[in-house]
Amino acid sequence: MLSLRRLLLLSCLAVLVEAQQCRLVKWQDLVEGTASASHTITPTSTSAPTTQPSAVSNGTNTTVTPFKYGTDIIRGVNLGGWFVLEPWITPSIFENTNNTNIVDEYTFGQMQNASQALAVLQNHWDTWITEDDFQAIKAAGLNHVRIPLGYWSVPITSADTNYTTSVSPYIAGAWPYLLRALNWAKDNSVHVILDLHGAPGSQNGFDNSGRRINSPAWASDADSVPRTLDIMRFIAKEIGGMLDVIELLNEPAGYVSAIGNEIGTYWQEGYHVVREASGNGSQVMIGDAFLGVQNWENFLQYPQAEGVIMDYHEYQIFNYEQLAFSYSAHIDASCQQIPALTAYAKSNLVTIIGEWSTAITDCAQWLNGRGVGARWDGTWQPNQQVFGSCAGFTGSMSNFSTSYKTFLRQYWESQVQIGESIQGWVYWAWKAENADDWSYQKGLEGGWIPQDPTDRMYPDICGSTAGT
Ligand SMILES: *[C@@H]1O[C@H](CO)[C@@H](O)[C@H](O)[C@H]1NC(C)=O
Ligand SMILES: *[C@@H]1O[C@H](CO)[C@@H](O)[C@H](O)[C@H]1NC(C)=O
Ligand SMILES: *[C@@H]1O[C@H](CO)[C@@H](O)[C@H](O)[C@H]1NC(C)=O
Ligand SMILES: *[C@@H]1O[C@H](CO)[C@@H](O)[C@H](O)[C@H]1NC(C)=O
Ligand SMILES: *[C@@H]1O[C@H](CO)[C@@H](O)[C@H](O)[C@H]1NC(C)=O
Ligand SMILES: *[C@@H]1O[C@H](CO)[C@@H](O)[C@H](O)[C@H]1NC(C)=O
Ligand SMILES: *[C@@H]1O[C@H](CO)[C@@H](O)[C@H](O)[C@H]1NC(C)=O
C-alpha cells in the first residue's frame, strides 16, 4: 500500500486546469448580492459573514499538485451536514426552530420566516466548517474532502437553463461559502470532490437529500432530470477549475423503479455534460445507486470514457441483521467486501468507498429522521429485535468504554482496508454535534483514529483477504 504513494509532478492536468475560464466572483460581491447569484436572498436584518477571506483566488493556482486518480489513494472525509442540513448532525439547528414539523432543509425553509431561516443558515455556513478544519484535515494526513451540496444552492440563471430556476421553499445563499471553502482547500492542498447531494424532486427521499418524502420524484417529475443536467453543467463551467471531482448525484434510490430506469442514462449524459463544460478537467464520479458495483460492469469505461470514478457506500447499521453482528462479525463483514470490490476496480472503473463510518448502532439522535427512534433500543419499530440500551454507543466519547474504543479502532482499520485495496476512501463525517461514533475529528481526539491514516495497530485485521 505504501508503494502506491507517490509524489507527482504536474503535467497535462495542470495545463488543463490553467486553461479554464473559471469565473469566480469576489466574495464580498456575492455576500452583498451584487454579483450574478440572482436568486440569492439578501437578508435585511442580518450581518454578512464575520470572517472573510483576505483574498479569493480563481482556480489558476497550479501550486496544488494534481491528484493522480487511479494510482494514488484517496483518503478523505465528508463535510457532512454543512451545505445540506441533516437533523442528526446538527440537532440544535432543528431544536431551535421550536417546530417539530421541521424535519429537513425543505421544511426548514417552508415553515419559517425566510429571513430568519436565512440568518440561521448563514451563521451555520459560516461556522460549521472553517479554515481551521481544512488545516486539521490536512494535518490528519487526509488528501480529499467530499462536499455535499444541494441543488438549491447553485445560482443558475435563466441564461443557463430552460427550466425553472426557482428553488422555493429552499433557502438559497450557500454558494459564496462554498467558493470560500474551495479556496481554503486550495490553500491547504486538499483536493475536492463536490457531490450533488440533493436534486430537484429528491433522488432518494432521505432527509439528507434535503427532502424527507415517501416517493422521491426526481426521475418521475417532468423536468427534474434535464434540470439537474443544466445544474451540473453550470457547476462544471463556473467552478470546475476549483474541483478535482464532480459527483453527478449522491445515492439515487436505484431500487425505486423510475429512478433505477433513469440512472444509467443520467450517468452517461451527466458524464458528457460535465466533461465538456470542464474542458475534461474534472473527474466525474458516479455511484452504484444501491444496486451493487457488479451492476455496473462494462459501464462508462475507457476508452469509451475517461476520468470516471465509481462511488460505493458502506454502512452496517440500517437493518436488523447487521445490527445483530458481534464486533468481530462487523470486522469480517468489512473484510469480506474486498474481493468483489477489487475485482470490479481492476477490470472496470477506479472505485472508492465514498461514505462509511465506525458507527455500529443507529443510536445517534435522529439518525433515522427527526422524531424517529432507533432500531437498536426498540424506540422505533414495534415487535422487532431489541439489542440493548444506546448508552455508551453514541453521544459524547466521555461515555465510551475502553473496550468500545479498542473496537472502534479495529473497525476503522478494517474498513480503511477496503478503501486501501481499491482507490480510496472518504469517511462520513468530519463532525457531528453529538454523535462521536461518527466523528473523524473526535476519533482523532479519542485515539481510535490515528493521526497518520497509514498507521496500523492491526495490520493483519483482514488476514489474507486484505488485497495489496
Ligand atoms: C487569476 O489570478 C491570478 C493571480 O491572482 C491572476 O494573475 C490572473 O489574471 C487571474 N485569472 C483570471 C482568469 O482571472
Ligand atoms: C424558541 O423558543 C425559545 C424559548 O421560548 C425562544 O427564546 C426562541 O426565540 C424561539 N425560537 C424561535 C425560532 O421561535
Ligand atoms: C420575518 O422576520 C423579519 C425580521 O425579524 C421581519 O421583519 C418580517 O416582517 C418577518 N416576515 C414575516 C412574513 O413575518
Ligand atoms: C433553450 O432552448 C433553446 C431553444 O430550443 C435552445 O437553443 C437553447 O440551447 C436552450 N438552452 C439551454 C440552456 O438548454
Ligand atoms: C497558491 O497556493 C500556495 C500554496 O497553497 C499559497 O501559498 C499561495 O498563496 C497561493 N497563491 C494564490 C495566488 O492564491
Ligand atoms: C475532451 O475529451 C474528448 C474525448 O476524448 C475530446 O473529444 C475533446 O476534444 C476533449 N476536449 C477538450 C477541451 O480537451
Ligand atoms: C453519558 O451517558 C448517560 C447515560 O446515558 C447520559 O445520561 C449522559 O448524558 C452521558 N454523558 C455525556 C457526556 O454524554
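Remember, it's 1-based here, ligands and their atoms both numbered in the order they're listed. Bear in mind the structure is a predicted one, so any value in this text is a computation, not a measurement.
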Please confirm whether [X] and [Y] have ring centers closer than 6.0 angstrom.
X      : Y      : value
Trp428 : His197 : yes
Tyr69  : His144 : yes
Tyr404 : Phe393 : yes
Trp152 : Tyr106 : no

For ligand 3, which atoms have a heavy atom of Gln116 less than 4.0 angstrom away?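 Answer, ordered by atom number: 2 (O), 5 (O).
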If you count the atoms of ligand 2 from 1 in the order shown, which ones are under 4.0 Å from a heavy atom of Asn96?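 So the answer, numbered in order with elements, is 11 (N), 12 (C), 13 (C).
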For ligand 2, which atoms, with element, lie under 4.0 Å from some heavy atom of Asn98?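 By the 4.0 Å cutoff, the relevant atoms are 1 (C), 2 (O), 3 (C), 8 (C), 10 (C), 11 (N), 12 (C), 14 (O).
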Run the salt bridge (Lys or Arg N to Asp or Glu O under 4.0 Å) test against Lys138 and tell me which residues pass, sequence neighbours left out.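 Applying salt bridge (Lys or Arg N to Asp or Glu O under 4.0 Å) to Lys138 gives none.
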Could you pull out all residues at least two apart from Asp311 that satisfy salt bridge (Lys or Arg N to Asp or Glu O under 4.0 Å)?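 Salt bridge (Lys or Arg N to Asp or Glu O under 4.0 Å) check on Asp311 returns Arg146.
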What pairs with Asp230 under side chain to side chain contact (heavy atoms under 4.5 Å, CB included), at least two apart in sequence or on another chain?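 Once residues adjacent in sequence are excluded, the partners of Asp230 under the side chain to side chain contact (heavy atoms under 4.5 Å, CB included) criterion are Ile156, Thr161, Tyr163, Arg233.
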Tell me which residues fall inside the under-4.0 Å heavy-atom shell around ligand 4.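 These residues qualify: Asp160, Thr161, Asn162.
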